[in-house]
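Whatever order the structure lists them in is the order used to number ligands and atoms, beginning at 1.
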Amino acid sequence: MGIIDQIDLNNTPKHIAIIMDGNGRWAQQQGEERLFGHNIGVESVREALKAAQEMNVQYLTLYAFSTENWERPQEEVDGLMDLLVHTISSEVEELDQSNVVISTIGHTAGLPQGCQEELAAAYEQTKTNTGVNLILALNYSAQWEIVEAAKKIAIDVSNGTLDLDDISKETISDNLTTKGIPDPELLIRTSGEHRVSNFLLWQIAYSELHFTEVLWPDFKKENLYTAVLDYQSRERRFGMVSAQLEK
Ligand code: IPE
Ligand code: IPE
Ligand code: MG
């Protein structure tokens with residue numbers, strides 16, 4: 001029996017978010033430049049997407065570039081941006097065929113023009129599809145997103161379109177770049193790092209966290225099945241006690 005056969009397909013997460021980490025270390029282990037690891041990491045994106053499709057996951061959010069990643073050596077930043085443009089343009093047709101919607105979260109207006117155009121075209125081509133929503137977090141950081149939300153809400157209050165007492169959790173959610181996307185039930189981080197690195201801080205309030213030692217370029221479909229099995233072994237109590245959940 002394979003791992004996938006152990007999964008309860010009626011209880012898979014609707015939304016899985018992944019911090020794809022370890023490309024650089026993987027490349028260095030092979031005696032290669034860091035960018036080689038990023039290139040091979042694209043294959044792992046395909047694997048994760050296929051596994052998500054098999055498990056009827058509706059949203060797959062991948063942390064691909066953080067606002068902090070601009071601080072990396074220029075050569076790596078440029079290489080990542082090139083990889084993004086080339087990958088989107090070469091994959092969009094196949095993704096469209098497999099009914100995937102490609103969208104982004106984050107400060108995409110801060111990306112190079114060519115990237116923005118490629119991403120906008122990919123969204124335009126796939127937006128009416130009904131399969132998995134593949135969401136790329138690009139130039140993303142949760143603190144940036146929360147600051148932006150605070151500004152938008154402050155403007156609405158100051159111009160009278162929003163009453164201070166009407167600010168709720170939903171007001172915050174609706175002003176984040178993840179507006180309309182359900183919070184992830186499962187957050188995965190590869191490469192053995194146990195931190196969140198400014199990813200989806202608001203949205204992961206009740207997410208189950210799964211950490212794996214696997215470096216992202218080694219990530220295969222089985223690794224996503226394993227994470228979902230781990231998720232299915234958890235008791236999600238949301239502040240209550242076990243006995244209340246059994247009803
Ligand atoms: C994740 O791999 C990809 C990005 C952050 C763009 P890293 O590049 O962080 O790889 P490590 O963590 O240095 O091994
Ligand atoms: C987080 O990984 C960002 C992405 C996966 C895009 P990093 O490798 O940048 O995170 P830190 O610096 O180790 O926390
Ligand atoms: Mg890293």
* For atom 10 (O) of ligand 1, which protein heavy atom lies nearest, and how many Å away is it? -> G24 N, 2.9 Å
* **Environment of the Mg ion (ligand 3) in terms of protein N/O/S atoms, cut-off under 2.8 Å** => D21 OD1
* Using heavy atoms and a threshold below 4.0 Å, how should the contact between R195 and ligand 2 be classified: side chain, backbone, both, or neither? -> side chain
* Salt bridge check: are K152 and D156 linked by an N-O gap of less than 4.0 Å? -> no
* Asked: Less than 4.0 Å between a side-chain N and a carboxylate O, is that true for K179 and E170?
  -> no
* Hey, are the side chains of S197 and R189 touching, using non-hydrogen atoms and a 4.5 Å cut-off? -> yes
* To do: Please state which part of R189 comes within less than 4.0 Å of ligand 2, counting heavy atoms only: side chain, backbone, both or neither.
  => side chain
* Salt bridge K220-E47, side-chain N to carboxylate O under 4.0 Å -> no
* Asked: Heavy-atom distance under 4.5 Å between the side chains of P184 and I204, does that happen here?
  -> yes
* Hey, can you tell me if W70 and F65 have their rings parallel, tilted or perpendicular (30° and 60° cut-offs)? => perpendicular
* **Side-chain heavy atoms of R34 within contact of R72, under 4.5 Å** => yes
* Structure fact -> Looking only at protein heavy atoms, what sits closest to atom 1 (C) of ligand 1 is M20 O, 2.9 Å
* Asked: Against heavy atoms of H38, which atoms of ligand 1 measure under 4.0 Å?
  -> 3 (C), 8 (O)
* Could you establish whether E193 and ligand 1 come within less than 4.0 Å of each other, counting only heavy atoms on the residue side? => no
* To do: Could you tell me whether atom 14 (O) of ligand 2 has at least one protein heavy atom nearer than 4.0 Å?
  => yes
* Side chain, backbone, both or neither: which part of F65 comes within less than 4.0 Å of ligand 2 when only heavy atoms are counted? -> backbone
* For R72, is the nearest heavy atom under 4.0 Å from an atom of ligand 2? -> yes
* Asked: What protein heavy atom is closest to atom 9 (O) of ligand 2, reported as residue, atom name and distance in Å?
  -> N69 ND2, 2.9 Å
* Checking T212 side chain against T190 main chain: does a donor-acceptor pair fall under 3.5 Å? -> no
* Are E185 and K14 within salt-bridge range, i.e. N to O under 4.0 Å? -> no
* For R25, atoms of ligand 1 separated by under 4.0 Å from a heavy atom -> 11 (P), 12 (O), 14 (O)
* Asked: Are G22 and ligand 1 in contact, using a heavy-atom cut-off of under 4.0 Å?
  -> yes
* I40 side chain near N23 side chain, heavy-atom distance below 4.5 Å -> no
* Classify the ring geometry between Y63 and F199 as parallel (under 30°), tilted (30 to 60°) or perpendicular (over 60°). => parallel
* Which of the atoms of ligand 2 are close to I19, meaning less than 4.0 Å from one of its heavy atoms? -> 5 (C)
* To do: Indicate if M81 and F36 have the same hydrophobic cluster label, given that clusters are the connected sets of ILVMFWY residues with side-chain heavy-atom separations under 4.5 angstrom.
  => no
* For ligand 1, which atoms sit closer than 4.0 Å to a heavy atom of A64? -> 6 (C)
